[in-house]
Amino acid sequence: MKINQRHAWPSTVEEAIPIQQQLAGEVITCDQLGAVQHVAGVDVGFEENGTITRAAVAVLSFPQLELKEYAIANRPTTFPYIPGFLSFREVPTVIDALEKLTLTPDLILCDGQGIAHPRRFGIACHLGVLIDFPTIGVAKSLLIGKHETLPDARGSWKPLIDQSETIGAILRTRTGVKPIYISSGHRISLPTAIDYVMQCTPKYRLPETTRWADKIASKRGKWP
DNA sequence: GCGACAG
DNA sequence: ATCTTGTCGC
């Protein structure tokens with residue numbers, strides 16, 4: 001897929017903050033997506049002591065969830081890991097990987113938060129706004145927000161609240177297993193995001209999309 | 001000032 | 001994120 005560059009990538013928090021504040025105003029949390037036939041999952045890893053960033057994208061058919069295509073990209077790492085600024089470290093390489101795809105997915109599940117972020121602009125929002133695509137933030141741990149006790153059953157969820165605002169949800173994708181955190185990235189509402197995440201997570205804690213991306217990015221497996 | 005802190 | 005083996009449980 002073809003992607004247009006929207007802004008240069010900064011290397012400091014001072015430069016990153018105004019970019020987040022500006023682009024956060026472009027985030028859409030209403031459903032603006034068509035029929036979903038392909039869902040993509042993204043995963044990022046690091047090599048050479050963190051100096052190289054590696055991104056993998058997996059495209060699956062929906063709702064069958066069968067792997068249809070994948071792509072990998074590498075880049076020198078140019079931004080340190082600072083909570084609240086993850087996208088500046090990972091998105092450039094993710095975009096490189098997305099550009100290599102032949103298939104164009106209808107929805108992308110990102111590793112990390114969407115609007116469940118201090119400035120309502122987590123990695124899923126950043127990627128979504130830059131490429132103007134529907135994205136969902138799927139995080140394995142909490143960045144900000146509070147929530148009530150979560151029941152043990154698969155499918156149960158509770159809103160994530162920050163400053164008396166609902167910014168996402170804590171969701172149990174598997175009975176008795178540690179929950180995950182969902183939030184709108186771009187062009188999708190929270191209820192719809194939860195619905196798609198559940199449909200992409202029929203068996204394990206994490207969506208099949210991210211599991212495939214993980215597997216592909218992993219140095220062990222070889223994918224001809 | 002003291003914690004908390006996506007990956 | 002990454003460094004790493006076996007092990008407990010469904």
Side-chain angles (χ1 to χ4, degrees), chain A residues 9 11 13 16-17 19-20 23-24 27 41-58 72-97 108-130 135-147 152-154 159-163 167-186 190 193 197 202-207 209-221:
Chain A
W9 290 102
S11 54
V13 167
I17 289 179
I19 293 175
Q20 290 186 324
L23 295 182
V27 172
V42 176
D43 181 58
V44 175
F46 298 88
E47 300 169 357
E48 308 298 318
N49 297 311
T51 58
I52 301 295
T53 302
R54 160 179 37 72
V57 190
I72 301 176
N74 291 291
R75 267 207 188 202
T77 304
T78 58
F79 204 99
Y81 170 65
I82 300 171
F85 298 88
L86 180 67
S87 60
F88 293 91
R89 178 173 169 83
E90 305 191 342
V91 169
T93 314
V94 168
I95 288 179
D96 283 349
I108 301 175
L109 306 201
C110 303
D111 241 334
Q113 316 290 345
I115 62 171
H117 177 281
R119 287 166 296 284
R120 307 295 185 260
F121 199 66
I123 188 168
C125 300
H126 203 154
L127 178 65
V129 167
L130 288 191
T135 58
I136 298 174
V138 180
K140 296 182 289 296
S141 60
L142 185 64
L143 176 57
I144 60 161
K146 290 174 298 189
H147 61 81
D152 233 20
R154 163 181 158 86
L160 257 186
I161 309 291
D162 179 56
Q163 310 277 137
I167 57 173
I170 174 170
L171 171 69
R172 187 90 66 184
T173 51
R174 234 196 130 170
T175 300
V177 171
K178 186 180 180 191
I180 60 179
Y181 304 82
I182 308 303
S183 54
S184 301
H186 188 49
L190 181 59
V197 168
K203 187 166 186 197
Y204 302 101
R205 177 166 88 117
L206 300 175
T209 43
T210 36
R211 285 171 49 79
W212 268 111
D214 267 352
K215 199 168 186 174
I216 291 163
S218 166
K219 257 196 155 186
R220 314 190 164 183

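Throughout, protein chains are lettered first and strands after them, A, B, ... in sequence-line order, and every chain is numbered starting at 1.
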Are R120(A) and I144(A) packed together at the side-chain level, in the sense that at least one heavy-atom pair is separated by less than 4.5 angstrom? yes
Under 4.0 angstrom, heavy atoms only, what part of the nucleic acid is [X] near: base, sugar-phosphate, or nothing?
X       : answer
G84(A)  : base
F85(A)  : base
I144(A) : nothing
G45(A)  : sugar-phosphate
Y81(A)  : base

For DNA chain B, just give me the dot-bracket, please: Watson-Crick or G-U, both distances below 3.5 Å, ( ) intra-strand, [ ] crossing earlier pairs, | paired with another strand, . unpaired. .......
Would you compute the distance between atom [atom1] of [X] and atom [atom2] of [Y] and round it to the nearest 0.5 angstrom?
X       : Y       : atom1 : atom2 : answer
F85(A)  : I19(A)  : CZ    : CD1   : 10.5 Å
Q113(A) : I167(A) : CD    : CD1   : 7.5 Å
T173(A) : I182(A) : OG1   : CD1   : 8.0 Å

Measure the distance from [atom1] on [X] to [atom2] on [N] and round it to the nearest whole Å.
X       : N       : atom1 : atom2 : answer
D111(A) : dT2(C)  : CG    : P     : 11 Å
E48(A)  : dC3(C)  : CD    : P     : 11 Å
E47(A)  : dA1(C)  : CD    : C1'   : 12 Å
R174(A) : dC10(C) : CZ    : P     : 12 Å

Shortest non-hydrogen pair, A56(A) vs A213(A), comes out as CB-O, 3.6 Å
Of all heavy-atom pairs linking T77(A) and F46(A), the shortest is OG1-CD2, 3.9 Å
Pair K140(A) + D111(A): basic N to acidic O under 4.0 Å: yes
For the residue pair H126(A) and F88(A), categorise the inter-ring angle as parallel (less than 30°), tilted (30 to 60°) or perpendicular (more than 60°). perpendicular
Considering only heavy atoms of chain A and a distance under 4.0 Å, specify the first and last nucleotide of DNA chain B in 5' to 3' order that meet this criterion. dC5(B) to dG7(B)
With distance as the sole criterion, is a donor-acceptor pair present between the side chains of S11(A) and T78(A) under 3.5 Å? no
